[in-house]
Number of protein chains: 2
Amino acid sequence: MNVDISLASGRTAGRPREFDIDEALDKAITVFSERGYHGTSIADLRDAMGLTAGSLYKAFKDKHAIFLASFDRYKQVRNMLLDEELAKAENGRDGVYRMLAFYAEGAHGDGGRRGCLAVGTAVELAIFDDEAARRVERSMDRFETTFEALIRRGQEDGSVNRSVEPNATARLLLSVVQGLRVLGKTSPNREQTFSVVDVAMTLLD
Amino acid sequence: MNVDISLASGRTAGRPREFDIDEALDKAITVFSERGYHGTSIADLRDAMGLTAGSLYKAFKDKHAIFLASFDRYKQVRNMLLDEELAKAENGRDGVYRMLAFYAEGAHGDGGRRGCLAVGTAVELAIFDDEAARRVERSMDRFETTFEALIRRGQEDGSVNRSVEPNATARLLLSVVQGLRVLGKTSPNREQTFSVVDVAMTLLD
DNA sequence: CCTATTTGGAAACGATCATTTCCGAATAGG
DNA sequence: CCTATTCGGAAATGATCGTTTCCAAATAGG
């Protein structure tokens, strides 16, 4: 029994995995977003990910672990895209708009119907699944903090009214964004979605 | 085979039902709100409703029918409570505030953790369940319309600024309310919830 | 009082669930 | 080249799912 942990080299002994974990998780994200955790069976995941159940259970401990890995992957990708978008912001107000528009873009059309994995997890799992709840909370906190920082930045660069209360307004914007995800499940109309963004922006005047 | 439909009298032949349907549905609403549709088993419903599976299937066609009946009951009760609250409104602006406060009250604390059945249904079932989706859409439309009517009324009685765009603002308020329900699953803090309401009200100035 | 009908309740149903087991194939290290 | 290890894949596992069946009990109408 050789308990030697192979450092440096990415590979250890044994037959190499024939699929890419992140690519597989991207498929899982779609399924979990559409059907939810309890609505998704291992057979659904197997089909969508193009794997056998056996391979799934060699890569992940159980269904719950697949879900958490999917959630983490989802957040990682979305946060990266958002950061890229925010890097383009000219000032605080523009940053708030870019952030609202980023989510509005995801909340309408087919993506809106598919839904947001974070919102789905909050609604379906937050009460009974502590690990899921912690992840959702961290995700929400991050958004709220980002909104608040952009508002403060805007107040310094003159693009946001000084009388705006940064924390409460950030939390309202967070609510709006989550709400758009809910509305996007049944009425994912593009211009209605963006009209909400426009009204929200008037809070910064 | 007597196909005589007993009119007038509420009762037909056979052993009478020993439980009240609405009381049973109120228990089912709690379970479905907490666990979602797919996360709720017939055994869960049987235990919560204090019935046997056999009795459930005599009162309802199947699990889906229990869910839809629960949803309808939920909306009926909530709408009644909201109407009572709105009847007290002194003017348009006050009506908007009462409506926002009504939902904020449900979105925090234990009720917030439990969740809103309409939001849960939108997120979990809207894509693949047409009957559920239709109900959610009707519910959302009703809220939006009510918000819009209150805004217009406020513009007539002078309590809401004329420059406010009624439809877009109503939709934003709807988004805020649904978003509060999502946030209430993980951070159901009372004052944070109501601070969002206060900020939203400034849109009417 | 008799018949038809519906309920309550327990037990049983097949289907599907998440998960494991088993075996041949493919790799790394010695 | 040999051994240990991991993978892919199919088949099997026990548990739980939603639903039905069956029988005694309780009502209405004739």
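Note that the structure is predicted; figures quoted are calculated from it, not measured. Every chain is numbered from 1, with letters handed out A, B, ... down the list of sequences.
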Whole-Å distance separating the CG atom of A:D44 from the P atom of C:dA18: 8 Å
Using whole Å, report how far NE2 of A:H64 lies from P of C:dT19. 10 Å
Starting from the C-alpha separation in whole Å, work towards a yes-or-no answer on salt bridge (Lys or Arg N to Asp or Glu O under 4.0 Å) for B:E105 and B:R190. CA-CA 8 Å; B:E105 207 62 66; B:R190 189 176 209 281; 2.8 Å; yes
Listed pairs, N/O of protein and of nucleotides 9-15 of chain D, under 3.5 Å:
unit_1: D:dG9; atom_1: O6; unit_2: A:K58; atom_2: NZ; d: 3.0

Near-ring test A:Y103/A:F143, centroid separation under 6.0 angstrom: yes
Evaluation steps, salt bridge (Lys or Arg N to Asp or Glu O under 4.0 Å), between B:R152 and B:E148: CA-CA 6 Å; B:R152 291 191 192 281; B:E148 184 173 339; 2.8 Å; yes
Does a donor on one side chain sit under 3.5 Å from an acceptor on the other, for A:D198 and A:S195? no
Rounded to whole Å, the CD1-P distance (A:I42 to C:dT16) equals 16 Å
Testing D:dG8, C:dT7, D:dG18 for proximity to the side chain of B:R15, the answer is C:dT7
Would you mind telling me which of C:dA26, C:dC17, C:dT19 lies closest to the side-chain atoms of A:P16? C:dA26
Candidate pair A:R134 and A:D130, rule salt bridge (Lys or Arg N to Asp or Glu O under 4.0 Å), full reasoning: CA-CA 6 Å; A:R134 260 207 316 276; A:D130 289 343; over 6 Å; no
Can we say A:R114 and A:D110 salt-bridge, meaning some charged N sits less than 4.0 Å from an Asp/Glu carboxylate O? no
Atom CZ of A:F60 and atom P of D:dG8 are separated, to the nearest Å, by 11 Å
Indicate whether any N or O donor in one side chain lies under 3.5 Å from an N or O acceptor in the other, for B:R78 and B:S139. no
Could you tell me the separation between the CD1 atom of A:I21 and the P atom of D:dG8, rounded to a whole number of Å? 9 Å
Using a strict cut-off of less than 4.0 Å between a Lys/Arg side-chain nitrogen and an Asp/Glu carboxylate oxygen, indicate whether A:E23 and A:K27 qualify as a salt bridge. no
Just to be sure I understand the geometry, which residues of residues 24-33 of chain A put a non-hydrogen atom under 4.0 Å away from DNA chain D? none
note: B:L56, atom CG; C:dT6, atom C1'; distance rounded to Å ~ 16 Å
Within the structure, does a side-chain N or O atom of B:R17 lie under 4.0 Å from either OP1 or OP2 of C:dT7? yes
What's the CG-P distance between B:L45 and C:dG9, to the nearest Å? 17 Å
Name the nucleic acid region contacted by B:F19, choosing base, sugar-phosphate or nothing; use a 4.0 angstrom heavy-atom cut-off, strictly under. sugar-phosphate
Round to a whole Å and report the spacing from CD1 of B:I66 to C1' of D:dT19. 11 Å
So for atom CG, which belongs to B:D20, do other residues, nucleotides or ligands contribute more than 12 heavy atoms lying within a distance under 6.0 Å? yes
